[in-house]
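Remarks on the structure that follows.
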Amino acid sequence: MVVLSVPAEVTVILLDIEGTTTPISFVKDILFPYIKENVKEYLQTHWEEEECQQDVSLLRKQAEEDAHLEGAVPIPAASGNGVADMQQMIQAVVDNVCWQMSLDRKTTALKQLQGHMWRAAFTAGRMKAEFFADVVPAVRKWREAGMKVYIYSSGSVEAQKLLFGHSTEGDILELVDGHFDTKIGHKVESESYRKIASSIGCSTNNILFLTDVTVEASAAEEADVHVAVVVRPGNAGLTDDEKTYYSLITSFSELYLPSST
Ligand SMILES: CSCCC(=O)C(=O)COP(=O)(O)O
Ligand SMILES: [Mg+2]
């Protein structure tokens, strides 16, 4: 088995979700279709609620920023024209969400709404999050060895907690010391990793970030974070240069902690 030695200065392991802890197929074939199939009904049911209105406001603000993009879908403000007005706005939000999802956008606005929509499915037991078999045993071992384990995903913190709280492995939320999402910054920006280190209270070089996406690995590395690229079934392929440049693992069990036995 290939073994990757974790540098002695590392005290925090920061994990991506999609393509790292969890198969991309679970996100693409289960989580995302749930949103597309249910968004209209969800908006119609929850429209009057404060949380839903906040989600719509955030999406509208994002739509204004996206106005220059090809195919962007604007979300009109209420004009006070009753039910017809509401149905028109709901349709615009549905079209905007579907447009953003067709591009796999990682905007905070989209991720916030998605998290709220998944809540009902997870808490009712209609959905259970999938984790690769090596994830839970490895995380337990790291924590026993004194490592802190944090999550950094584009999925909202609320959605992350739903996944860890309702997984095929049971409720594994207690295995995580904390969560970060795009509210701290985007995963392709190195400043996000500096902010994460500062929020945890450590130096960037105390962190090892595991991700399947090399642009994220590159941004983290620029901030002096240690990185390893995770190669999982269904992940996007890597170029020969990427395969040579990055430390690669295919399972969390390939990480060797000098402090553990
Ligand atoms: C709570 S993760 C749900 C999946 C998701 O919405 C997503 O964007 C995953 O992105 P990641 O940064 O984990 O690759
Ligand atoms: Mg990922």
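Numbering of ligands and ligand atoms starts at 1, following listing order. As the structure is a computational prediction, the values presented were derived from the model and not from experiment.
For Lys195 and Glu189, the salt-bridge test fails: no basic side-chain N is under 4.0 Å from an acidic carboxylate O.
Shown here are the side-chain hydrogen bond (donor to acceptor under 3.5 Å, both in side chains) partners of Glu50, two or more places apart in sequence or in another chain: Gln54.
For the pair Lys128 and Phe122, the cation-pi criterion (under 6.0 Å, within 45° of the ring axis) is not fulfilled. Cation-pi geometry between Arg232 and Phe252 is satisfied (NZ or CZ under 6.0 Å from the ring centre, within 45° of the ring normal).
For Asp212, the N, O or S atom closest to the Mg ion (ligand 2) goes by the atom name OD1.
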* Could you give me the CA-CA distance, side-chain angles and deciding distance for Glu222 and Tyr193, then say whether side-chain contact (heavy atoms from CB on, under 4.5 Å) is met? => CA-CA 9 Å; Glu222 208 180 301; Tyr193 299 87; over 6 Å; no

* Going through the distances and angles, do Arg194 and Ser190 end up as a side-chain contact (heavy atoms from CB on, under 4.5 Å)? -> CA-CA 7 Å; Arg194 293 189 193 98; Ser190 50; 3.7 Å; yes

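Because the distance cut-off is set at 2.8 Å, Glu216 fails to qualify as a neighbour of the Mg ion (ligand 2), as none of its N, O or S atoms comes that close.
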List, for ligand 1, each N/O atom that has a protein N/O partner under 3.5 Å away, with both atom names and the distance.
| unit_1 | atom_1 | unit_2 | atom_2 | d |
| --- | --- | --- | --- | --- |
| ligand 1 | 6 (O) | Lys111 | NZ | 2.8 |
| ligand 1 | 8 (O) | Lys106 | NZ | 3.0 |
| ligand 1 | 8 (O) | Lys111 | NZ | 2.9 |
| ligand 1 | 12 (O) | Asp16 | OD1 | 3.2 |
| ligand 1 | 12 (O) | Ser154 | N | 2.8 |
| ligand 1 | 12 (O) | Ser154 | OG | 3.3 |
| ligand 1 | 12 (O) | Lys187 | NZ | 2.5 |
| ligand 1 | 13 (O) | Asp16 | OD1 | 3.1 |
| ligand 1 | 13 (O) | Ile17 | N | 3.3 |
| ligand 1 | 13 (O) | Glu18 | N | 3.0 |
| ligand 1 | 13 (O) | Ser153 | OG | 2.7 |
| ligand 1 | 14 (O) | Asp16 | OD1 | 2.9 |

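Around OH of Tyr150, the count of heavy atoms belonging to other residues, nucleotides or ligands within 6.0 Å exceeds 12.
Rounded to 10°, the angle formed at the Mg ion (ligand 2) by OD1 of Asp16 and O of Glu18 is 110°.
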